[in-house]
Number of protein chains: 2
Amino acid sequence: MKALQKEKLYTVQEVAQMYGITKHTIRFYTDKGLIPPLIRDENNNRLFNQECLNWLEGCICLKGCGMSIKDLKHYGNLCLKGESTLKERYEMIVKYRDIAKENLLKAQKMLDYAECKVKHYKDILNGRTFDNSNPANWQKSELECRNN
Amino acid sequence: MKALQKEKLYTVQEVAQMYGITKHTIRFYTDKGLIPPLIRDENNNRLFNQECLNWLEGCICLKGCGMSIKDLKHYGNLCLKGESTLKERYEMIVKYRDIAKENLLKAQKMLDYAECKVKHYKDILNGRTFDNSNPANWQKSELECRNN
DNA sequence: ATAATAGATTCGTGTTACTCGAAGTCAAGA
DNA sequence: TCTTGACTTCGAGTAACACGAATCTATTAT
């Protein structure tokens, strides 16, 4: 049976490496109550089983969509409450889906901007010259491609 | 001549509306020295001409790539110093272009995650049922699509 | 002419989400 | 036994704003 199989437990350090976040952040999240099924060993050390990792992964993703710690906590509480909170959870997720959509568009614009600048600097460094004695041109050479 | 044309000057309020940021943020940026050509009127009010708007727009974009206020300030100083700093500026921009690239990938992943969850909730709300008396299933129903 | 309103200013505190470091505890290896 | 290393708690620091009170000024209404 499942209960008889000892499932692997992960330390804070291991979890930090697995998800590319710091130990401090993990401590911070657990202290905020974002990982309800968190386990403590006899020396009070934090231990994560697969369920804990699932919660953490959910938190990381929703946070990546722009959700605050406070809302993550609220969402977690709703999950624990079960079926009766389905609608509210759905509405939260839809909201952050929309935010994630905007974030994606913005990220694309920012990348476009940065690539435009890189190209511009390459042009300059490859010999295309400006009248650098005129400060107006420094600014111009910095920003002329910003509207692309 | 250009010097004789009175160029339009914008107040903090106008600039805030134009760029969708708060007046507080604009004050914060100007106080940090991110807009070197900032103009003050006889009552000490902040006024932006086109050059100021260019600087601000540059700041907003680079910040969107992940650049900190400190680095924005440094980059601005390099711009003011002129040609001799081209290489360093280029390297900064390349660095943040790479970060912007990662940000875009991450934003896409987060959106995928959120859309998966939305779909999942729709399934549930449309009648697909789980054994909700078992808490393990609440968690499962929350997270089962996270790896897509 | 005075008064109220609207918008600007400075300055100082509050908030979020970490981030760091000190000080202490504990198990395991030389 | 002693040291190393990884864990703990707790408290303070940081970045990038966000907010509000107090004040000043220009314009409009009475």
Side-chain angles (χ1 to χ4, degrees), chain A residues 8-35 38-49 52 55-76 92 95-96 99-100 103 106 110, chain B residues 8-35 38-49 52 55-76 92 96 99 103 106 110:
Chain A
K8 165 103 175 114
L9 297 177
Y10 301 87
T11 67
V12 167
Q13 172 130 328
E14 287 170 321
V15 175
Q17 281 180 330
M18 287 162 73
Y19 291 96
I21 56 186
T22 71
K23 290 181 280 179
H24 287 292
T25 301
I26 292 178
R27 199 187 68 72
F28 180 72
Y29 286 176
T30 57
D31 287 358
K32 291 279 172 187
L34 300 187
I35 321 288
L38 181 71
I39 300 156
R40 297 278 191 159
D41 71 7
E42 63 281 5
N43 292 317
N44 210 26
N45 293 337
R46 293 167 182 81
L47 292 177
F48 286 64
N49 61 10
C52 294
W55 277 83
L56 178 60
E57 233 177 272
C59 286
I60 291 172
C61 288
L62 290 174
K63 215 188 68 60
C65 294
M67 198 181 278
S68 68
I69 302 289
K70 197 180 159 192
D71 270 11
L72 277 172
K73 175 77 175 151
H74 181 59
Y75 182 79
M92 286 186 80
K95 173 183 163 192
Y96 285 102
I99 292 175
N103 289 344
K106 187 188 163 196
M110 294 303 108
Chain B
K8 165 103 174 113
L9 297 176
Y10 301 86
T11 68
V12 167
Q13 172 129 328
E14 287 170 321
V15 174
Q17 281 181 330
M18 288 162 73
Y19 290 96
I21 56 184
T22 71
K23 290 181 281 180
H24 288 292
T25 302
I26 292 178
R27 198 186 70 72
F28 181 73
Y29 286 177
T30 56
D31 287 358
K32 289 280 171 186
L34 300 188
I35 321 288
L38 181 72
I39 300 157
R40 297 279 190 159
D41 72 5
E42 63 281 4
N43 294 316
N44 209 27
N45 293 338
R46 293 167 181 80
L47 292 177
F48 287 66
N49 61 10
C52 295
W55 278 82
L56 178 61
E57 232 176 276
C59 286
I60 291 171
C61 289
L62 290 174
K63 214 187 69 57
C65 294
M67 198 180 278
S68 69
I69 303 289
K70 198 178 158 193
D71 270 11
L72 276 173
K73 175 78 175 150
H74 181 59
Y75 182 79
M92 285 186 81
Y96 284 102
I99 292 175
N103 289 344
K106 187 188 163 195
M110 295 302 107

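Just so we're clear, the structure is a prediction, and the values are computed from it rather than from any experiment. Both backbone and side-chain heavy atoms feed into the values below; hydrogens, waters and symmetry mates do not. Residue numbers start from 1 in every chain, and the chains themselves are labelled A, B, ... in the order their sequence lines are given, proteins ahead of strands.
Checked by atom type and distance alone, the side chain of E14(B) pairs as donor or acceptor with a backbone atom of T11(B) at under 3.5 Å.
H74(B) NE2 to S68(B) OG: the interatomic distance, rounded to the nearest 0.5 Å, is 10.5 Å. Here the straight-line distance linking atom CG of L38(A) with atom CG of D31(A) works out to 9.0 Å at 0.5 Å rounding. A distance of 8.0 Å separates OG1 of T30(A) from CD1 of I26(A), quoted to the nearest 0.5 Å. For the atom pair OH of Y96(B) and OH of Y75(B), the computed distance is 12.0 Å after rounding to the nearest 0.5 Å.
In this structure, CG of L38(A) is placed 13 Å from C1' of dC7(D), rounded to the nearest angstrom. The interatomic distance linking N45(B) (CG) with dT25(D) (P) rounds to 10 Å, in whole Å. As a whole-Å value, the separation of K70(A) NZ from dT15(C) P is 11 Å. Protein atom CG of N43(A) is 13 Å distant from nucleotide atom C1' of dG24(C), rounded to whole Å. Taking atom CG of residue L47(A) and atom C1' of nucleotide dT8(D), one finds them 13 Å apart after rounding to whole Å. Between the CE atom of M67(B) and the C1' atom of dA15(D) there is a distance of 16 Å, rounded to whole Å. Distance CG (D41(A)) to C1' (dT8(D)): 10 Å, rounded to an integer number of Å. Rounded to an integer number of Å, the gap from CD1 of I21(B) to P of dC17(D) is 9 Å.
Between R46(B) and the phosphate of dT10(C), there is a side-chain N or O to OP1/OP2 separation shorter than 4.0 Å. OP1 or OP2 of dA18(D) lies within a sub-4.0 Å distance of a side-chain N or O belonging to T22(B). Between T11(B) and the phosphate of dA8(C), there is a side-chain N or O to OP1/OP2 separation shorter than 4.0 Å. Residue N44(B) places at least one side-chain N or O closer than 4.0 Å to OP1 or OP2 of dT10(C). Side-chain N/O atoms of K23(A) include none lying less than 4.0 angstrom from OP1 or OP2 on dA6(D).
Nearer the 5' end of DNA chain D, as judged by each residue's closest nucleotide, is the contact made by K63(B), out of K63(B) and E42(B).
For K106(A), the NZ atom counts as loosely surrounded, since its 6.0 Å shell holds 12 or fewer non-hydrogen atoms of other residues, nucleotides or ligands.
The stretch residues 24-34 of chain A touches DNA chain C through H24(A), T25(A), F28(A), Y29(A), each having a heavy atom under 4.0 angstrom from the strand.
F48(B) places none of its side-chain heavy atoms less than 4.5 Å from the side chain of M18(B).
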